[in-house]
2 protein chains.
Amino acid sequence: MKKRLNRIRLIDIAEKTHLSVNTISKVLNGREKEAGIAVETAKRVRKMADELGYIPDQMARCLRAKNTDTIGVYIDKITDHVRAETLHAILQELSNRGLFPLIMLAEAGYEKCCEAFIRNRIEGLILCGTMQAMNADFFNRLYENKIKTVITGCFFHDRNLNNVFREVSFVNVDNERGVELQIRHLHEQGRSRIAFLSGPTHDSDMHIRKKTYMDLIKTVHEPVVGQIDKDTSYLEHGYWSMDMLLAGRQEIDAVIAFDDKVALGAIRCLHDKGRNVPGDVAVIGFDNSPEDDYTLPRLSSISLPTQEIGTKSVELLLDRLENKTKPKTIYVLPSLVARESTQPSAGKPQKGNPPD
Amino acid sequence: MKKRLNRIRLIDIAEKTHLSVNTISKVLNGREKEAGIAVETAKRVRKMADELGYIPDQMARCLRAKNTDTIGVYIDKITDHVRAETLHAILQELSNRGLFPLIMLAEAGYEKCCEAFIRNRIEGLILCGTMQAMNADFFNRLYENKIKTVITGCFFHDRNLNNVFREVSFVNVDNERGVELQIRHLHEQGRSRIAFLSGPTHDSDMHIRKKTYMDLIKTVHEPVVGQIDKDTSYLEHGYWSMDMLLAGRQEIDAVIAFDDKVALGAIRCLHDKGRNVPGDVAVIGFDNSPEDDYTLPRLSSISLPTQEIGTKSVELLLDRLENKTKPKTIYVLPSLVARESTQPSAGKPQKGNPPD
DNA sequence: GTGAAAGCGCTAACAC
DNA sequence: GTGTTAGCGCTTTCAC
């Protein structure tokens with residue numbers, strides 16, 4: 001049971017170079033200029049540090065200094081591809097900037113996550129994706145502990161939280177723009193009676209997309225919304241709300257689904273009822289999931305700029321940490337990915353082509 | 001610029017309770033019994049800590065103690081669903097055990113990752129999924145720094161690395177079992193001439209699966225292997241090696257693809273050449289990707305127990321950290337997911353059913 | 001140009 | 001039963 005770890009420390013370099021720990025510290029932190037250290041000395045120090053393979057002890061450094069170079073990431077299930085891609089981009093960006101991530105899964109409960117974050121003295125937090133268990137206490141604790149936060153892909157319509165968002169920036173997907181793209185695309189494909197299929201009501205994006213649909217569509221015709229109240233999977237939501245729509249009297253030739261899973265549920269329902277997609281009804285989803293390329297028919301969708309979301313959230317957070325800007329909200333633009341499910345008249349699934 | 005953070009420290013509790021920092025420390029670390037501290041005192045301390053909302057400073061604790069409670073995770077692109085699921089399970093398990101993850105993306109380069117790990121004094125490392133840039137230096141540095149390691153889903157046939165695996169445990173997927181399941185399933189479905197489609201040669205799992213296929217199939221017929229040499233995507237590998245097979249003279253009625261992506265490429269090729277799947281040729285993949293449920297036809301596959309992989313790797317690592325066991329290798333069993341692509345005679349895509 | 005000394009918050013050894 | 005003291009490895013302040 002030896003007490004000291006076998007690591008190289010500043011003092012080891014100091015002894016070898018016959019200098020003081022202090023000098024070594026200054027050089028290795030690039031503060032040689034302002035400390036007025038001889039160029040030759042600095043060189044010697046660096047050389048020795050290199051030779052010995054010195055790696056500073058983050059714990060010791062953090063204890064003394066105020067910064068920990070650690071950024072918390074609070075995230076829901078990472079198996080969702082949008083979140084996985086966003087997380088990947090965040091990790092890339094943090095790594096590029098020499099920062100360390102501390103990832104906590106929301107399912108562990110916010111108290112536990114909060115404690116882990118504070119205990120490890122994270123300097124900033126990125127909150128990644130919609131979460132249900134979000135409350136004022138959480139944000140207040142972050143604020144009290146001076147943890148600046150960026151929220152990405154997560155909308156709050158709970159206005160009670162507004163006053164706790166003093167130190168929170170947002171990277172939002174421009175949902176309005178997404179729905180606009182969907183409607184315009186369907187019009188261009190010759191569709192004139194477009195319905196909206198909603199998903200579970202706890203999803204905050206859902207409300208925005210539905211509202212946008214209603215606002216935009218009513219210049220053309222009465223909004224037609226398929227919605228069920230059951231608290232069930234997205235797929236089932238799609239299936240049964242589509243079923244409901246078909247049972248109604250309104251004629252429709254296109255459906256905007258809240259997301260891809262809802263769209264897939266809807267397509268199954270349409271098949272079961274003998275409707276052809278896209279022949280009778282065009283269907284478009286949202287999220288551009290990997291499976292969209294393999295569905296029958298291939299599913300048109302809206303793609304989110306996950307790379308940009310990740311990069312921008314780190315950027316925004318660092319601006320705040322360096323006090324460059326006030327907390328702010330930025331929007332990133334989604335884009336259209338047109339596939340078979342919205343083609344004008346392709347009754348049959350497209351034949352396979354050599355992959356690209 | 002105040003120096004002290006506004007956190008509650010041990011000394012604050014000490015002052016309020018008129019006790020020494022030491023006593024507080026002992027109580028809050030649950031060492032009151034062995035230190036012989038009065039039950040009443042302990043209660044008082046805990047109550048005060050609770051009231052003040054005390055959260056220890058991990059940095060200070062780590063500097064003094066030897067353990068950091070931090071486990072490194074070294075992982076390739078997390079957008080792959082198998083890795084995402086495994087990572088999710090790992091994060092769950094670490095969180096359950098009160099450990100903190102430090103995740104580094106392999107793409108950052110092993111030197112950078114290694115430095116981050118050592119700098120943050122991780123106690124153990126989980127290496128998650130196949131990586132190409134793996135070398136002896138990496139493992140030697142881990143060993144030198146007393147970092148115990150678990151490798152999951154990553155096979156090395158480079159025997160030169162064997163001597164650096166002194167402190168490495170393995171959680172492997174039983175690939176042999178997977179291929180066995182595939183072959184048995186195809187036989188049960190009445191297929192008698194089964195080919196194997198390989199993927200990129202840098203993939204270490206590939207070699208094992210191919211070898212297993214060859215060993216098992218030769219009791220029935222000569223192995224038929226489709227393989228191309230181009231260094232290209234898995235999808236293209238599937239397409240062109242299938243193309244190659246079809247151009248050859250051997251009759252086949254089933255294809256085992258190295259993985260799902262290869263399988264999808266193969267299916268496209270079969271369609272293009274006018275072969276019906278599964279009517280003429282059955283196809284089975286490996287990995288059970290989410291899109292398998294939406295392909296045309298739905299793709300039979302082999303599912304990996306990602307949850308178990310995650311849980312077991314943390315378990316194995318902790319056993320090592322507590323010196324309970326020697327480094328070891330364990331195998332987890334994959335399972336068969338039969339879908340349309342291997343059905344005996346279903347010529348048409350199955351009609352949609354209400355989702356389950 | 002460089003060094004000495006203090007101290008970040010905590011735990012471990014030992015004293016009383 | 002509880003307190004005193006030292007020190008983990010580093011940065012910071014100030015002295016020379």
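Here is the naming used below: chain letters follow the sequence lines, and residue numbers restart at 1 for every chain.
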task: Report the C-alpha distance between B:Phe138 and B:Phe117 in whole Å, list the side-chain angles of each, state the deciding distance to 0.1 Å, and finish with yes or no for ring-ring contact (aromatic ring centres under 6.0 Å, His included).
output: CA-CA 11 Å; B:Phe138 181 75; B:Phe117 290 143; 7.5 Å; no

query: For DNA chain D, whose closest nucleotide is more 5', that of B:Val39 or that of A:Leu63?
result: B:Val39

- prompt: What distance separates A:Asp76 CG from A:Glu107 CD, expressed to the nearest 0.5 Å?
  reply: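 The CG atom of A:Asp76 sits 7.5 Å away from the CD atom of A:Glu107.
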
Check: A:Arg61 side chain, A:Pro56 main-chain N or O, donor-acceptor pair, under 3.5 Å: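 Not confirmed, A:Arg61 side chain does not pair with A:Pro56 backbone.
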
- prompt: Taking only N and O in the side chain of B:Ser20, is any of them less than 4.0 Å away from OP1 or OP2 of D:dT2?
  reply: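 For B:Ser20, the contact criterion (side-chain N or O under 4.0 Å from OP1 or OP2 of D:dT2) is not met.
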
query: So, is B:Tyr54 near the phosphate of C:dC10, with a side-chain N or O under 4.0 Å from OP1 or OP2?
result: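 Indeed, a polar side-chain atom of B:Tyr54 lies that close.
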
Using whole Å, report how far [atom1] of [X] lies from [atom2] of [N].
X	N	atom1	atom2	result
B:Arg7	C:dG9	CZ	C1'	9 Å
A:Arg61	D:dC8	CZ	C1'	16 Å
B:Asn22	C:dC16	CG	P	15 Å
A:Arg44	C:dG1	CZ	C1'	12 Å
A:Lys33	C:dT2	NZ	P	13 Å
A:Glu34	C:dT2	CD	P	15 Å
A:Arg121	C:dC10	CZ	C1'	12 Å
B:Asp69	C:dC10	CG	P	15 Å

task: Would you sort out whether A:Leu317 and A:Ile71 count as a side-chain contact (heavy atoms from CB on, under 4.5 Å), showing the intermediate values?
output: CA-CA 9 Å; A:Leu317 186 56; A:Ile71 303 295; 3.6 Å; yes

- request: Using the closest heavy atom to pick a nucleotide of DNA chain C for each, name whichever of B:Ile55 or A:Ala42 lands nearer the 5' end.
  value: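 Final value for this comparison: A:Ala42.
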
task: Could you tell me whether the side chains of B:Asp137 and B:Tyr110 share a donor-acceptor contact shorter than 3.5 Å?
output: yes

Looking at the side chain of [X], which of [options] is the nearest nucleotide?
X	options	answer
A:Arg31	D:dT11, C:dG9, C:dT11	D:dT11
B:Ile37	C:dT11, D:dT2, D:dC10	D:dT2
A:Asn29	C:dT11, D:dT11, D:dC10	D:dT11
B:Ala38	D:dG9, D:dT2, C:dG9	D:dT2
A:Thr23	D:dT11, C:dT2, C:dA12	C:dT2
B:Thr41	D:dG9, D:dT2, C:dG1	D:dT2
A:Arg64	D:dC10, C:dT2, C:dG9	D:dC10

- prompt: Is the base of D:dG1 touched by the side chain of B:Lys26 through a donor-acceptor pair closer than 3.5 angstrom?
  reply: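 Donor-acceptor pair under 3.5 Å: no.
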
